[in-house]
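Each chain gets a letter, A, B and so on, in the order its sequence line appears, and its residues count up from 1.
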2 protein chains.
Amino acid sequence: MAQRFALIIDPVEASEQRADFSDTFTVVDAAAPALSVGELSTQRGDGVFESIGVIDRHAQEVMPHLERLANSARICDLPAPNQEQWRQAVAVAAAECPAGEAVIKLILSRGVEHGPTPTAWVTAAPASDFSNVRRDGVKVVTLDRGYSLDVAEHAPWLLLGAKTLSYAVNMAALREAHRRGADDAIFLSSDGFVLEAPTASLILRFGDRFVTPAPTGGILHGTTQLSVFEYLSERGLQVGYERIPATDLPRADAAWLVSSVRLAVPITAVDAHTLPVAPALTTDLNHYLLSPRD
Amino acid sequence: MAQRFALIIDPVEASEQRADFSDTFTVVDAAAPALSVGELSTQRGDGVFESIGVIDRHAQEVMPHLERLANSARICDLPAPNQEQWRQAVAVAAAECPAGEAVIKLILSRGVEHGPTPTAWVTAAPASDFSNVRRDGVKVVTLDRGYSLDVAEHAPWLLLGAKTLSYAVNMAALREAHRRGADDAIFLSSDGFVLEAPTASLILRFGDRFVTPAPTGGILHGTTQLSVFEYLSERGLQVGYERIPATDLPRADAAWLVSSVRLAVPITAVDAHTLPVAPALTTDLNHYLLSPRD
């Protein structure tokens, strides 16, 4: 979806406390030029971001997203975002969203080359209609991410675990999936473990147990996955973080890709293997994810 | 350096042939807003780029850079650039450069989200003064790139070999090098082979033989490295592309990082090992690289 609303945030110190940050926001035309060619986000994908789901002008899981933005900034040596300032910017953007489903994006760029401060902005746009894919699911292929499962621990400069603007590989993986006749991809580590999808987390069901790959630094900790685990736990179901060998994928009793805007999408096939689906549970999950949550 | 000149290129078909593309160029203020927040270069580092050295308004090695831009575009499923159009854009930018050393950057982005065409632009700016570092050299540290040497062959979606805008890891590696008291970094493959620097190629001298890691897809084929090899070959020296184990680094008789704008910089130390330097040859190399070449 094209952005309908955009707000430039004038960054302030993380520690600055005040009731009203509205004088640090500048509304800009989302379709008009707003960024200079010197922006390091455009030159080097040098920055971090978040995508927040919005339901009827209520932004979902705002604090977990802001905490993850701060964590990404820390991994990338960017100045810590002022949480209250960003929370207010999200509130302004949410008020500008259309009714129904929308998406707010937060971007914190390293700024203009040799410039004094980061550049930061927030956009809002109506979401695509994902009702069909939430019902019918996606076929996925597994793709090698090239990294071993534990590489993040000894090589933090690979920025695994940060949601950076350097997403070209994620986009290329989705194109490769489409080339292979699939709808989405699941990344595997070079040593044969399940990681995540290019723009979603993975949840697998084995019997009555729901598991997701442990976010040990090599993958992003999904905000929607956290919400789903909370929901399942409240219903007395067992959830857990595990090292999942790729060979376990075809024997799952059900599997979902979960993300902030598309929400929970059943996986109907992994490579050549058809997976069982759980339509009633998928409907329940999305009903929950579409309810206003903080 | 801040950009002093910027030109937006209105993309045309790769096959379109005409003498004058100047009506497809729009000069913009390099410091003013020129790109919308919907730009996929800013949102996802989704695009490719080149940096070209300029000496007294002569752009160096233009065709090898344009060929590499086209190769990067192909790897990223971007429309093929029109080579003659880009050549003319570089000529316009070169004419706007100050005397002395400058840098022209070419950027081809996937465009605005859901937009019909890529976005493309060219910038020009004075280069930093690299005369000291060309003489005094750099201390480097080796950093794990996380990928095995042959991963590019079976996982093209990792976009290794393309010069993409997703450069956050390259920038993080330079910050890590500075944290360790070094000036630059050399990436190693996870299986212990020498790759490249975050923004430069590596040339090692063993006796009278000059070698660089073979660009088998996992690393970028350096335009400046090609020029240096041409220069050395013309002087009857032996050059070659090899698999270089990381354990060979400390036993090199000399080593350089070479890139389009900083040119040839001697490596004075790798991790804890001091390397011999070859000041006369370094001076000769940079003299050659500073001469106008096509």
State the [atom1]-[atom2] distance between [X] and [Y], to the nearest 0.5 angstrom.
X	Y	atom1	atom2	result
B/Glu39	A/Glu39	CD	CD	11.0 Å
A/Leu143	B/His154	CG	NE2	10.5 Å
A/Thr199	B/Arg44	OG1	CZ	8.5 Å

Interface residue of largest heavy-atom contact number with chain B, from [options], under 4.5 Å:
options	answer
A/Val151, A/Leu160, A/Leu159	A/Leu159
A/Gly115, A/Ala152, A/Gly146	A/Gly146
A/Asp144, A/Asp46, A/Val48	A/Asp144

Side chain / backbone / both / neither for [X] at chain B, heavy atoms under 4.5 Å:
X	value
A/Leu158	both
A/Ser109	neither
A/Val37	both
A/Glu176	side chain
A/Ala6	side chain
A/Arg145	both

Query - Donor-acceptor under 3.5 Å (B/Arg175 side chain, A/Trp157 main chain) - result: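 Judged by distance alone, no pair lies under 3.5 Å.
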
Query raised in the report: Side chain of B/Ser166, backbone of A/Ala168: donor and acceptor closer than 3.5 Å?
Result: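 A pair under 3.5 Å: yes.
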
Query raised in the report: Among B/Ala162, B/Gly45, B/Ala32, B/Ala34, which residue forms the greatest number of heavy-atom pairs with chain A at distances under 4.5 Å?
Result: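 Top option by heavy-atom pairs under 4.5 Å: B/Ala34.
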
Report task. Tell me, out of B/Ile107, B/Thr123, B/Val169, who's got the most heavy-atom pairs with chain A below 4.5 Å. Result ->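 Most pairs with chain A among the choices: B/Val169.
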
Requested in this report: Evaluate side chain to side chain contact (heavy atoms under 4.5 Å, CB included) for B/Arg179 paired with A/Asp77, printing each intermediate quantity in order.
Outcome: CA-CA 11 Å; B/Arg179 255 193 292 271; A/Asp77 302 311; 3.2 Å; yes

Requested in this report: Determine whether B/Thr42 and A/Gln43 make a side-chain contact, defined as any pair of heavy atoms from C-beta on separated by less than 4.5 Å.
Outcome: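 They are not in side-chain contact.
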
Requested in this report: Grab the two heavy atoms, one from A/Ser36 and one from B/Ala31, that are nearest each other, plus how far apart they are.
Outcome: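 Residues A/Ser36 and B/Ala31, closest heavy atoms: CB-O, 3.9 Å.
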
